[in-house]
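Everything below concerns the one structure shown next.
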Amino acid sequence: MKKLDANFFRRDVLVVAPELIGKILARRYENGKVERYRITEIEAYRGEEDLACHASKGRTTRTEVMYQDGGKVYVYLIYGMYHMLNFVTSVELEPQAVLIRGIDGFDGPGKLTKHLLIDKTFYGEDLASSERIWVEDDNFPAKFTTGKRIGIGYAGEWEEKPWRFILSSK
DNA sequence: GTAAGGATTGGC
DNA sequence: CCAATCCTTACT
């Protein structure tokens with residue numbers, strides 16, 4: 001079982017996203033208990049020019065972490081009710097991130113963060129050194145399919161990009 | 001300062 | 001189909 005370090009995330013989001021499919025998301029709770037889930041669905045958000053990416057608004061307090069080096073956690077609240085879990089990819093000044101949309105047993109970005117007790121205190125967490133959340137590679141031979149990203153009807157032509165990756169083998 | 005709307009979900 | 005619910009951004 002290998003823990004993914006920052007170098008894994010310091011690449012283009014369109015390279016990292018498909019490789020993350022089938023990887024293991026590990027979460028250690030305050031009571032010390034560790035739970036592991038296979039990542040089943042991911043979406044890629046790529047740069048300021050991607051109108052669906054929050055960084056298209058520029059570097060703000062909210063998007064700051066996306067401009068940092070890859071391997072960080074980006075969490076934000078949507079619709080006043082759900083926290084979305086993202087991992088920053090690429091290098092400094094290249095705002096890219098992957099949204100974790102589904103893990104084994106919890107299909108849906110809002111559901112999985114609710115179950116894993118992920119909230120905005122995870123904003124900026126370093127996946128390589130965190131004791132609360134990290135990603136592991138168990139050499140699972142993952143296969144995946146792609147599709148359009150969900151819920152971004154305002155993004156014009158960017159809505160058509162096949163930047164959603166779904167695990168197809170189990 | 002004020003207003004509009006969102007990378008969602010579950011219930012009617 | 002629509003409300004829940006609050007943070008971020010845009011605009012007066």
Side-chain angles (χ1 to χ4, degrees), chain A residues 4 8-9 11-23 25 27 35 37-91 93-127 130 132-135 142 144-168:
Chain A
L4 299 183
F8 177 87
F9 296 96
R11 296 175 294 161
D12 193 281
V13 67
L14 295 180
V15 173
V16 176
E19 287 191 26
L20 273 175
I21 292 293
K23 293 290 188 291
L25 174 63
R27 167 81 167 99
E35 290 187 345
Y37 299 92
R38 194 171 302 286
I39 296 171
T40 59
E41 188 172 339
I42 281 181
E43 278 180 9
Y45 289 86
R46 189 170 187 273
E48 294 182 347
E49 61 177 5
D50 177 4
L51 294 181
C53 182
H54 290 162
S56 64
K57 305 283 186 183
R59 188 169 185 159
T60 65
T61 305
R62 181 206 210 186
T63 61
E64 164 64 25
V65 74
M66 277 203 275
Y67 287 80
Q68 294 178 25
D69 202 16
K72 300 283 199 330
V73 175
Y74 170 39
V75 174
Y76 66 91
L77 183 67
I78 192 66
Y79 303 132
M81 319 180 79
Y82 299 100
H83 293 280
M84 300 284 107
L85 174 62
N86 304 252
F87 298 150
V88 176
T89 71
S90 196
V91 295
L93 304 183
E94 287 292 332
Q96 303 183 357
V98 290
L99 164 67
I100 308 303
R101 290 193 61 90
I103 56 178
D104 201 20
F106 297 93
D107 187 23
K111 287 184 188 173
L112 73 89
T113 52
K114 182 179 176 185
H115 181 78
L116 296 177
L117 304 181
I118 303 289
D119 57 33
K120 63 183 181 184
T121 66
F122 281 79
Y123 184 94
E125 191 95 353
D126 179 2
L127 288 168
S130 176
R132 305 193 288 172
I133 184 171
W134 66 91
V135 184
F144 62 89
T145 54
T146 60
K148 294 193 296 185
R149 292 177 291 177
I150 304 297
I152 55 167
Y154 59 85
E157 61 178 298
W158 294 92
E159 183 185 7
E160 304 300 317
K161 299 287 183 186
W163 289 355
R164 184 160 63 105
F165 304 87
I166 308 109
L167 181 68
S168 54

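Predicted, not measured: the structure shown is a model, and the values here were computed from it. All values below were derived from every heavy atom in this structure, side-chain atoms included, with hydrogens, water molecules and symmetry-related copies excluded. Letters A, B, ... mirror the listed sequences (proteins, then strands); counts begin at 1.
Between F87(A) atom CZ and dA7(B) atom P there is a gap of 19 Å when expressed in whole angstrom units. Between the P atom of dT9(C) and the CD atom of E48(A) lies a distance of 13 Å, rounded to the nearest Å. If you measure from atom NE2 of H83(A) to atom P of dT8(B), you get 15 Å, rounded to the nearest angstrom. Rounded to whole angstrom, the span from the NZ atom of K114(A) across to the P atom of dT5(C) amounts to 12 Å. If you measure from atom CD1 of I152(A) to atom C1' of dG5(B), you get 16 Å, rounded to the nearest angstrom. In this structure, M81(A) places its CE atom 12 Å from C1' of dC2(C), rounding to the nearest Å. Atom CZ of R62(A) and atom P of dG5(B) are 15 Å apart (whole Å). A straight line from CZ of R101(A) to C1' of dT9(B) spans 11 Å, rounded to a whole angstrom.
Considering only the side chain of Y79(A), dG6(B) comes nearest among dG6(B), dT9(B), dA7(B). When each of dA4(C), dA10(C), dT8(B) is scored by its nearest atom to the side-chain atoms of K57(A), the top-ranked nucleotide is dA10(C). Side chain of L77(A), nearest nucleotide from dA7(B), dT9(C), dC7(C): dC7(C).
Residue H54(A) has a polar side-chain atom (N or O) positioned under 4.0 Å from OP1 or OP2 of dA7(B). For dA7(B), the OP1/OP2 oxygens have no side-chain nitrogen or oxygen of R164(A) closer than 4.0 Å. For Y82(A), no side-chain nitrogen or oxygen approaches OP1 or OP2 of dT5(C) to under 4.0 Å.
Looking at heavy-atom distances under 4.0 Å, L99(A) makes contact with a base. Residue R149(A) is out of contact with every strand shown, counting any heavy-atom pair closer than 4.0 Å. In this structure, G110(A) reaches the sugar-phosphate backbone alone: every heavy-atom distance under 4.0 Å involves primed, P, OP1 or OP2 atoms, never a base. When heavy atoms are screened at a 4.0 angstrom cut-off, K111(A) is found touching the sugar-phosphate backbone but no base atom. Residue-level contact check: M84(A) touches the backbone only, with heavy atoms under 4.0 Å from sugar-phosphate atoms and none from bases.
With hydrogens and angles disregarded, no donor-acceptor distance shorter than 3.5 Å links the side chain of T63(A) to the backbone of M66(A).
Contact check for K161(A) versus R46(A): no side-chain heavy atoms found under the 4.5 Å cut-off.
Put simply, Y45(A) rests on the base of dA7(B): the two rings are less than 5.5 Å apart at their centres and nearly parallel, under 30°.
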Discussion item. Could you go through E49(A) and W158(A), starting from their C-alpha distance and side-chain angles, then the distance that decides it, and tell me whether this counts as side chain to side chain contact (heavy atoms under 4.5 Å, CB included)?
Written reply: CA-CA 9 Å; E49(A) 61 177 5; W158(A) 294 92; 3.9 Å; yes

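Separating the P atom of dT5(C) from that of dT2(B) is a span of 23 Å, rounded to the nearest Å.
Using the Watson-Crick or G-U wobble rule with both distances under 3.5 Å, dC1(C) pairs with dG11(B).
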